[in-house]
Chemist: 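Pasting in a structure now, in structure tokens, and then I'll have a few things to ask.
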Amino acid sequence: GARRLAKRKVIVKRLSAIEDLGGIEILCSDKTGTLTKNEMSIIDTYGGNQEKIIWYANLASSFELQNKIEPFDIALAKGLSVDQKKELRKIVKVSEEPFDPKILMNAALIKDGAKNYLIIRGALEAISARADLDKKNLAAFNDWASQQGGQGHRVLAVAYKTLTKVKPGQDISAESLKQTDFNFVGAVAFVDPIKESAFIAVEQARKLGVKIIIITGDSPTVAGAVAHAIGLISQPTE
């Protein structure tokens with residue numbers, strides 16, 4: 001029986017799991033890496049100077065690692081020019097704070113020669129709340145981000161502030177990340193291609209009467225766009 005199942009690409013450690021599977025009515029699925037390929041690439045930028053935006057976004061990445069793991073960082077590294085890649089080797093990362101789902105951003109303390117920067121990178125609402133954006137520019141930024149989300153694109157916003165003195169090994173304080181005097185640089189939009197298997201899975205689930213629910217940390221707009229693209233919902237805003 002196990003061999004027959006294996007020929008149909010089904011491998012189970014416990015045979016009763018097949019019975020459980022047969023009783024499924026709702027299937028919850030992750031989005032990134034399950035329905036999509038988790039292979040990010042830069043599709044657009046907001047803020048005017050594209051090279052500057054990608055540069056600062058890279059400064060808040062794992063740029064010091066030869067083999068990067070984070071898909072955002074891999075895509076951002078590919079967006080650097082040859083000269084920027086050379087310049088990046090001179091940058092010193094003093095300390096960093098990994099992405100925190102509570103504040104929806106990560107941070108890096110950077111030393112570039114005699115200049116010191118604290119850079120924050122993350123969700124648009126987290127960065128815009130800490131940056132020097134007036135109502136007009138904030139509205140334009142939100143409109144752009146909404147359009148990107150409607151196409152299923154994920155967005156990272158970037159801002160920075162200049163520091164006068166930085167000690168070797170200096171940590172990034174929680175208080176410094178709450179300040180609202182950061183300089184807004186811009187934002188990067190990424191596209192993550194949908195897997196071909198996602199379309200097939202949704203169609204097969206529909207025939208079997210199984211409802212699929214997407215569980216993701218992305219915004220409802222992005223999740224809705226992907227759900228609409230694979231035929232899970234009729235309108236992307238559902």
Side-chain angles (χ1 to χ4, degrees), residues 30-47 49-112 115-128 130-131 144-145 148-149 151-161 166 169 171-172 176-177 182-195 216-219 222-223 226:
D30 182 30
K31 181 183 72 66
T32 305
T34 302
L35 299 176
T36 65
K37 296 181 179 180
N38 199 21
E39 297 174 357
M40 303 288 182
S41 60
I42 296 172
I43 190 72
D44 197 7
T45 57
Y46 176 88
N49 191 327
Q50 180 171 313
E51 280 197 4
K52 180 180 179 181
I53 296 166
I54 294 175
W55 171 252
Y56 276 94
N58 269 283
L59 292 182
S61 75
S62 55
F63 65 84
E64 74 281 11
L65 299 180
Q66 182 103 19
N67 299 314
K68 299 173 180 59
I69 300 173
E70 171 59 53
F72 285 117
D73 293 351
I74 294 171
L76 286 167
K78 291 178 180 178
L80 291 170
S81 67
V82 175
D83 290 338
Q84 284 179 320
K85 289 178 180 178
K86 292 179 181 178
E87 191 65 26
L88 197 60
R89 299 191 190 105
K90 304 175 185 177
I91 303 296
V92 176
K93 181 183 288 184
V94 179
S95 61
E96 64 181 330
E97 284 294 325
F99 180 82
D100 186 341
K102 292 182 179 179
I103 59 175
L104 298 175
M105 67 180 192
N106 72 290
L109 190 56
I110 299 298
K111 194 170 186 61
D112 182 5
K115 298 179 180 179
N116 308 299
Y117 301 104
L118 175 59
I119 303 166
I120 54 176
R121 186 187 75 172
L124 64 96
E125 61 268 28
I127 305 305
S128 61
R130 295 166 172 80
W144 175 84
Q148 295 298 325
Q151 299 175 67
H153 301 160
R154 301 171 70 181
V155 172
L156 276 183
V158 188
Y160 76 96
K161 66 171 12 179
V166 171
D171 290 330
I172 300 172
S176 66
L177 299 180
F182 284 84
N183 302 302
F184 181 73
V185 180
V188 184
F190 302 83
V191 61
D192 184 9
I194 296 172
K195 290 181 178 178
T216 177
D218 288 338
S219 70
V222 173
V226 172

Chemist: Can you confirm whether K111 sits close enough to N116 that some side-chain heavy atom of one is under 4.5 Å from a side-chain heavy atom of the other?
Modeler: yes
Chemist: Do L104 and F99 make a side-chain contact, defined as non-hydrogen atoms from C-beta onward lying under 4.5 Å apart?
Modeler: yes
Chemist: How many angstroms lie between OG1 in T36 and CG in D30, if you round to the nearest 0.5 Å?
Modeler: 8.0 Å
Chemist: Any chance you could measure R130, atom CZ, to I120, atom CD1, to the nearest 0.5 Å?
Modeler: 6.0 Å
Chemist: Enter the distance from D171:CG to S95:OG here, rounded to the nearest 0.5 Å.
Modeler: 5.5 Å
Chemist: Could you tell me whether the side chain of D218 and the main chain of R154 form a donor-acceptor pair under 3.5 Å?
Modeler: no
Chemist: Looking only at heavy atoms, what is the nearest atom pair of V188 and A57, with distance?
Modeler: CG2-CB, 4.4 Å
Chemist: Is there side-chain contact between I91 and W55, with at least one heavy-atom pair below 4.5 Å?
Modeler: yes
Chemist: Counting N and O atoms only, with roles assigned by atom type, does the side chain of Q50 sit under 3.5 Å from a partner on the main chain of T45, one being a donor and the other an acceptor?
Modeler: no
Chemist: Report yes if the side chains of V191 and Q151 come closer than 4.5 Å at any heavy-atom pair, otherwise no.
Modeler: no
Chemist: What's the spacing between M40 CE and E70 CD if we round to 0.5 Å?
Modeler: 7.5 Å
Chemist: Is the Y56 ring parallel, tilted or perpendicular to the Y160 ring (thresholds 30°, 60°)?
Modeler: parallel
Chemist: Given side chains that start at C-beta, do those of F72 and N106 come closer than 4.5 Å, heavy atoms only?
Modeler: no
Chemist: If you look at every heavy atom in A157 and L124, which pair is closest and at what distance?
Modeler: CB-CA, 4.1 Å
Chemist: Check each of I119, L76, V158, V185 against L59 using the side-chain contact (heavy atoms from CB on, under 4.5 Å) test, and report the only one that passes.
Modeler: I119
Chemist: Looking only at heavy atoms, what is the nearest atom pair of K93 and F63, with distance?
Modeler: CE-CE2, 3.7 Å
Chemist: Looking at K31 and T216, what are the two nearest heavy atoms and their distance?
Modeler: CE-OG1, 3.7 Å
Chemist: So do L88 and Q84 actually touch side chain to side chain, heavy atoms under 4.5 Å?
Modeler: no
Chemist: Would you compute the distance between atom CD of E87 and atom OG of S81 and round it to the nearest 0.5 angstrom?
Modeler: 9.5 Å
Chemist: Which distance, rounded to the nearest 0.5 Å, do you find between the OG of S61 and the CD1 of I54?
Modeler: 12.0 Å
Chemist: So which atom in L118 and which in F182 form the shortest heavy-atom distance, rounded to 0.1 Å?
Modeler: O-CE2, 3.7 Å
Chemist: Looking only at heavy atoms, which two atoms of G79 and I42 are closest? And how far apart?
Modeler: CA-CD1, 4.1 Å
Chemist: Could you check whether any side-chain heavy atom of V155 comes within less than 4.5 Å of a side-chain heavy atom of Y46, counting everything from C-beta outward?
Modeler: no
Chemist: By the definition salt bridge (Lys or Arg N to Asp or Glu O under 4.0 Å), identify the one residue from R121, K78, K68 that meets it with D73.
Modeler: R121
Chemist: Do side-chain atoms of D192 reach the backbone of N38 as a donor and acceptor pair under 3.5 angstrom?
Modeler: yes
